[in-house]
Structure formats: C-alpha cells, structure tokens
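First up is the structure itself, then whatever we jot down about it.
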Protein chains: 2
Amino acid sequence: MVEQRDEQQLSEILKATSDATRRSLLTTLVQAGPTRVTDLANHYDMSLNAVSKHIKVLEAAGLVSRRTVGRNHLIEANLDPIQRIDDWFRNLRSIWELRLEKLDHLLTEDRNDD
Amino acid sequence: MVEQRDEQQLSEILKATSDATRRSLLTTLVQAGPTRVTDLANHYDMSLNAVSKHIKVLEAAGLVSRRTVGRNHLIEANLDPIQRIDDWFRNLRSIWELRLEKLDHLLTEDRNDD
DNA sequence: AAAATAATCAACCAAAAGGTTGAATAATGG
DNA sequence: CCATTATTCAACCTTTTGGTTGATTATTTT
C-alpha cells in the first residue's frame, strides 16, 4: 500500500504549489539561490510570520530545504518533487490515449490485426 | 495585467488537482469517457452531493466539461489545463538553469567568451 | 397523472488554511 | 553583559474546504 502514501505526497506537493505566494517564493528562490527568511519576507505585503509559515508548507512538501547558519536560515529551492506532478499527468494522458485507441478499433470494426 | 488572471487560473487548476478524490475522478473519466454524476458517485464512500461538488470544482478549473442529456449530466475530462502546470514548471526550471549558468561563469572567472 | 430517478441548491457543520499579534529562543554586535 | 536581530512558537481570528442532510427542479417511466 505504498500508493496511498504516494497519493498523499502528491496532494501535498500540489497543494503547496497551489498558493500564489508560495509559487512566488519558489520563483524568487530559484532565481536568487539560497535566501534568508527575512529577505524573502521583504518582498511581500504580509508579516514575516506569514512568510515563515508558507516556507514551512513548502518545506513539508520537499520543495525547499533549509540550511541554518547561525541565526540565519538559508532557504533553498528544490524542484525535484514537481517531477511527481509531471509523472501523474503523463500517466493520466497515457490512460486517455489507451482508451482512444480502443475506441478507434471499435469504430473501424477492425478485426484483422489481433 | 493578464498575469494576475493567469496566476489565479493556475492556482485554481493546482488546487482542483490537489484533492485525491478529484484526481481519482479525473482518472475514472479519462479511462471511462463521459460518465453520469451518479455513476461516478457510486465509486466513492461519500454522498452524491459531495461528488457533485467536487465535479463543480473540476469544472470551474476547466478540467471537466458537462453535456446535459435529459436528466443525465455527462461529465467528460479535459486535460488541456494541466498543460499550464507544465508551462509553469518549465519556466521555473529555465530560470533555475539560467542562474546556474551565470554562477558557473563567475566561478570559472571566464572572461574570454563574451 | 403519479411515482421514481438524476441532479442541483441551500443551509449547516467541523476541520483546515492563511493571516494576525505577542511571546519565546537563539545568535550576534557593541 | 546588554541590546538587537533572526526566527519560530503559540494563541487567536476569519475564510475556505469538504462533507452532511433535506428540499427543489427536471425528466423519465409506469
């Protein structure tokens, strides 16, 4: 029953990325490299605490990692988990195409190639 | 300022797919083709109304469409919007790679190839 | 016409999400 | 050592989410 766990993980990744502020944080991190929480927070019209929370959501989803250097927490993007979204989508599309193939066979009444 | 709208749309798509039940609905629809609400609901341990709501979330995100035939509503998957997720990811990755390139130039102090 | 079926609408509820403010903790700088 | 800075923790609040049940609207069947 690993599937259950995978599903849960995928939900977490999708939910984490579904918030515009968090996507924006990811973009900033990807273009700026490891950045302190305070410096990230300065870009937004919300409290440091709110940003800190968003970072924790991203962290739980594995989309960022944290390296603590003294009192500074350096946050770094990690895009690997997004691959899971792509995997899911590819799988979905392959199921779709499989059905269309079968449908095509039925419609053309193509009984010669089995 | 179309970006704002795009962002909102992307959020909606990601949020819609972030729920395991809704992803499962999409999978069913993709493999079974257009399906009635009641038939969809039979697969789940929740009320018809709950499923009906989920379908509306998917519909709002453009991930399913509805064709009403008498009292039956035929729901059909539409995977096109998922491409937006892929676009976002590709963009993110390209920003990432751009930064790594610049970083590489700086580190190798490579002043000969500009 | 009446009964049954398919689906939504509306009101409600509990839990989660996204934000706030006010400590608390930990590291740095004078 | 003391003040400042960086960050999280905790409590709280409002809105959203995911579910329920009961009523309503359409359509079909008998």
Side-chain angles (χ1 to χ4, degrees), chain A residues 4 7-29 32-77, chain B residues 4 7-29 32-77:
Chain A
Q4 199 68 342
E7 277 297 290
Q8 183 48 44
Q9 240 181 304
L10 184 53
S11 289
E12 207 170 7
I13 295 164
L14 284 163
K15 206 167 225 178
T17 54
S18 76
D19 181 271
T21 302
R22 288 194 290 261
R23 282 199 306 279
S24 166
L25 280 167
L26 273 182
T27 303
T28 301
L29 286 168
T35 308
R36 295 186 317 147
V37 177
T38 303
D39 294 338
L40 286 170
N42 283 336
H43 295 41
Y44 300 92
D45 187 24
M46 69 180 72
S47 72
L48 171 70
N49 273 14
V51 173
S52 171
K53 271 187 176 186
H54 278 306
I55 291 170
K56 262 185 291 193
V57 173
L58 290 169
E59 202 177 7
L63 288 162
V64 307
S65 61
R66 182 187 304 256
R67 185 166 23 115
T68 304
V69 173
R71 64 186 164 179
N72 299 322
H73 294 204
L74 292 183
I75 311 298
E76 179 164 25
Chain B
Q4 200 69 338
E7 277 296 291
Q8 183 48 46
Q9 241 182 302
L10 184 52
S11 289
E12 208 171 7
I13 296 163
L14 283 163
K15 207 168 226 178
T17 54
S18 76
D19 181 272
T21 302
R22 289 194 289 262
R23 282 200 306 279
S24 165
L25 281 168
L26 273 183
T27 303
T28 302
L29 286 167
T35 309
R36 297 185 316 148
V37 177
T38 303
D39 293 337
L40 286 171
N42 283 336
H43 295 41
Y44 301 91
D45 187 24
M46 67 180 73
S47 73
L48 171 70
N49 275 12
V51 172
S52 171
K53 273 186 173 187
H54 279 305
I55 290 170
K56 264 185 288 192
V57 173
L58 290 170
E59 201 177 7
L63 289 162
V64 307
S65 61
R66 182 187 303 256
R67 184 165 24 112
T68 303
V69 173
R71 65 184 164 181
N72 298 321
H73 294 204
L74 292 182
I75 310 300
E76 180 165 22

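We name chains A, B, ... by the order of the sequence lines, and we start the count at 1 in each one.
A:Leu29 is listed as a side-chain neighbour of A:Leu40, based on a closest heavy-atom distance under 4.5 Å. Using a 4.5 Å heavy-atom cutoff, the side chains of A:Leu74 and A:Thr35 are not in contact.
Just one of B:His54, B:Arg22, B:Lys56, B:Glu59 meets the side chain to side chain contact (heavy atoms under 4.5 Å, CB included) condition when paired with B:Val64; it is B:Glu59.
Residue B:Ala50 places its side chain closer to D:dG19 than to any other of C:dT20, D:dT17, D:dG19. The side chain of A:Asn49 lies closest to C:dG22 when the candidates are C:dA7, C:dG22, C:dA27. Closest approach to the B:Thr21 side chain among D:dG19, C:dG19, C:dC9 is made by D:dG19 (side chain taken as heavy atoms from C-beta onward). Listed nucleotides D:dT7, C:dA6, C:dT8 differ in distance to B:Arg71; the shortest reach to its side chain belongs to C:dA6. In the set C:dG19, D:dT7, D:dT16, D:dT7 carries the atom at the smallest distance from any side-chain atom of A:Val37.
OP1 or OP2 of D:dC9 has at least one side-chain nitrogen or oxygen of A:Lys56 nearer than 4.0 Å. A sub-4.0 Å separation between OP1 or OP2 of D:dT17 and a side-chain N or O of B:Lys53 is absent. A close approach under 4.0 Å does occur between a side-chain nitrogen or oxygen of A:Arg22 and OP1 or OP2 of C:dG18. Distances shorter than 4.0 Å separate some side-chain N or O of A:Thr38 from OP1 or OP2 on D:dT7.
Per the geometry, CZ belonging to A:Arg67 stands 18 Å off P belonging to D:dA6, to the nearest Å. In this structure, the NE2 atom of A:His73 is 15 Å from the P atom of C:dT25, given to the nearest Å. A straight line from NE2 of B:His54 to C1' of D:dT17 spans 9 Å, rounded to a whole angstrom. Following rounding to the nearest Å, A:Leu74 (CG) and C:dA27 (P) show an atom-to-atom distance of 15 Å. Rounded to whole Å, the distance from CG on A:Asp45 to P on C:dT20 is 8 Å. A:Ile55 places its CD1 atom 14 Å from the P atom of D:dA6, with the value rounded to the nearest Å. Across the protein-nucleic acid pair, B:Asp39 atom CG and C:dT5 atom C1' stand 12 Å apart, rounded to whole Å. For A:Leu48 and C:dT20, the CG to C1' distance is 13 Å, given to the nearest whole Å.
Donor-acceptor pairing under 3.5 Å is lacking for the side chains of B:Ser18 and B:Arg23.
Here the shortest heavy-atom pairing between A:Leu48 and A:Ala41 reads CD1-CB, 3.6 Å.
Nearest-nucleotide mapping onto DNA chain C: of A:Val69 and A:Ser47, the residue sitting toward the 5' end is A:Ser47.
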